[in-house]
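As structure tokens, the structure follows; a few thoughts come after it.
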Amino acid sequence: MRYLSTRGVAPTLGFEDVLLTGLARDGGLYLPESWPRLDLNALTGLDYPELATQVMLPFLGGRIAERDLRRLVGEACGTFSHRAIAPLRQIDGRTWVLELFHGPTLAFKDVALQLLGRLYDHVLAERAQRVTIVGATSGDTGSAAIEACRDRSRIDIFILHPEGRVSEVQRRQMTTVLSPNVHNIAIRGSFDDCQELVKAMFADSRFRDEMRLAAVNSINWARIMAQIVYYVAAALALGAPRRRVAFAVPTGNFGNVYAGYAARAMGLPVERLIVGSNRNDILTRFIESGTMEIGEVHPTLSPSMDIQVSSNAERLLFDLCGREGRRLAAAMEALQRTGRLALDAEQHGRLRSLFSGHRLSDSETLAAMASLHGETGELIDPHSAIGLAAARAVALDRDIAVVALATAHPAKFPEAVERATGRRPALPPALADLHARPERFTILPKDLATVQAHIRTELARGEAA
Ligand SMILES: *Cc1c(COP(=O)(O)O)cnc(C)c1O
């Protein structure tokens with residue numbers, strides 16, 4: 001199995017190189033040259049770890065042995081607090097919620113990142129290499145990356161967050177991880193300052209090479225690969241291939257819903273993919289109008305979806321451009337230059353034949369949370385509420401099972417849940433003592449040289465230990 005870049009210029013790579021590289025050198029995203037075919041009958045009845053092993057194995061192209069993959073998957077699944085990993089809960093006659101939030105940081109990113117950290121460590125050990133992961137967070141993704149990398153022997157991770165501007169729970173989920181390879185830095189500045197510092201460190205090629213900098217960002221192919229599994233698991237549990245399914249996905253960077261698209265390309269009977277968005281609705285507008293137009297980012301109650309550029313959408317656009325890298329590269333260049341990308345009628349028709357979009361304002365999101373609570377007594381977080389409302393809004397044949405992906409535990413967004421329902425969700429048992437745990441982090445000014453010097457010193461100290 002080889003991987004090609006969506007922009008068509010970078011060389012094709014094998015799985016391990018795609019894992020470690022992330023973004024292709026021509027600015028594109030990596031995709032498998034062809035889709036492996038799912039044998040749904042052979043996969044029926046497997047438990048989640050074995051299903052994951054079988055679904056992902058063809059993507060590795062023999063570069064990682066099956067028994068090693070099975071062990072890494074088993075360890076990643078072992079960090080989840082629910083034995084089913086991604087349990088399904090029926091809400092009404094045709095709607096199910098797929099709970100993807102039973103991982104260590106209570107959000108769906110754990111499903112992929114717990115495996116990604118272990119795959120990194122495995123490949124780096126074989127190559128006798130180390131990496132230093134550097135990232136900026138506005139609160140949510142930092143903890144998932146830290147949990148994925150903690151105690152991995154060949155990774156150091158430095159996460160920058162804006163001092164005093166992330167919630168207490170978000171900060172503590174990062175700073176109470178005391179593993180020696182985890183380094184939290186609170187920057188005296190904004191999230192944008194943090195992001196600027198990270199960008200500047202990657203742009204400093206001497207520093208980048210010396211520290212062997214790497215990123216675990218949402219465009220990494222291995223994250224998509226790991227997310228394909230729960231689409232297959234849910235569809236099989238609901239009776240596929242005899243029964244057709246649709247998925248509704250609260251969407252930001254398009255990584256999650258793209259994994260559903262990939263599962264369909266592999267032969268899963270996915271009838272429709274429903275993209276849920278908040279006020280930052282670039283994708284729902286794109287599906288409705290065929291034109292992608294970049295606007296301003298507005299803060300909402302579902303902050304993990306507050307984005308204007310959905311980087312993973314490039315993988316879908318590549319298919320809409322007939323898998324021609326040059327044509328896609330020209331479209332992306334125009335989007336960058338003019339803030340606008342328009343599909344032709346044929347491309348738009350293909351997009352609409354599979355995707356629907358649905359957007360919710362903050363008040364509609366609160367109403368969806370309140371109405372589920374009134375109906376069933378259950379609490380749901382604002383992101384998941386957008387997925388569920390989208391699932392219910394789109395008209396489908398009555399025999400189709402609709403699965404709404406729940407991407408965060410309600411306790412991750414307690415203020416919004418309380419505002420909608422009057423009830424404050426409790427942290428699950430594994431995190432119940434979070435507020436009593438000791439923290440460790442370093443406060444630094446928003447100064448590149450100071451941050452670089454700190455990283456150098458910390459790494460040298462780690463080598464000496
Ligand atoms: C990251 C995230 C999303 C958006 O997922 P994408 O793959 O970026 O579309 C939705 N909900 C939650 C809770 C998230 O953390």
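For ligands, and for the atoms within them, numbers begin at 1 and follow the listed sequence.
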Below 4.0 angstrom, N of the basic side chain to O of the carboxylate: do [X] and [Y] qualify?
X	Y	result
Arg7	Glu314	yes
Glu168	Arg171	yes
Arg350	Asp319	no

Could you tell me, atom by atom, which parts of ligand 1 come under 4.0 Å of a heavy atom of [X]?
X	answer
Phe254	6 (P), 8 (O), 9 (O)
Thr251	9 (O)
Gly255	6 (P), 7 (O), 9 (O)
Ala408	13 (C)

Considering heavy atoms of the protein only, find what lies nearest to [atom] and give residue, atom and distance to 0.1 Å.
atom	answer
atom 8 (O) of ligand 1	Asn253 N, 2.7 Å
atom 12 (C) of ligand 1	Thr407 OG1, 3.4 Å
atom 7 (O) of ligand 1	Asn256 N, 2.9 Å
atom 14 (C) of ligand 1	Lys109 NZ, 2.9 Å
atom 4 (C) of ligand 1	Gly252 N, 3.6 Å

Can a side-chain donor-acceptor contact be found between [Y] and [X] if the only test is distance below 3.5 angstrom?
X	Y	answer
Asp362	Thr365	no
Thr132	Asp156	no
Ser356	Arg272	yes
Asn312	Asn253	no

| message | Any heavy atom of Phe108 closer to ligand 1 than 4.0 angstrom? | response |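 Judged by the 4.0 Å heavy-atom criterion, Phe108 does count as contacting ligand 1.
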| Min heavy-atom dist Ser218 to ligand 1 below 4.0 Å |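 Ser218 does not count as a contact of ligand 1 under the 4.0 Å cut-off.
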| task | Kindly determine whether His102 and Phe80 satisfy ring pair (Phe, Tyr, Trp, His ring centres under 6.0 Å), including the steps that lead there. | result | CA-CA 5 Å; His102 294 286; Phe80 280 65; 8.0 Å; no
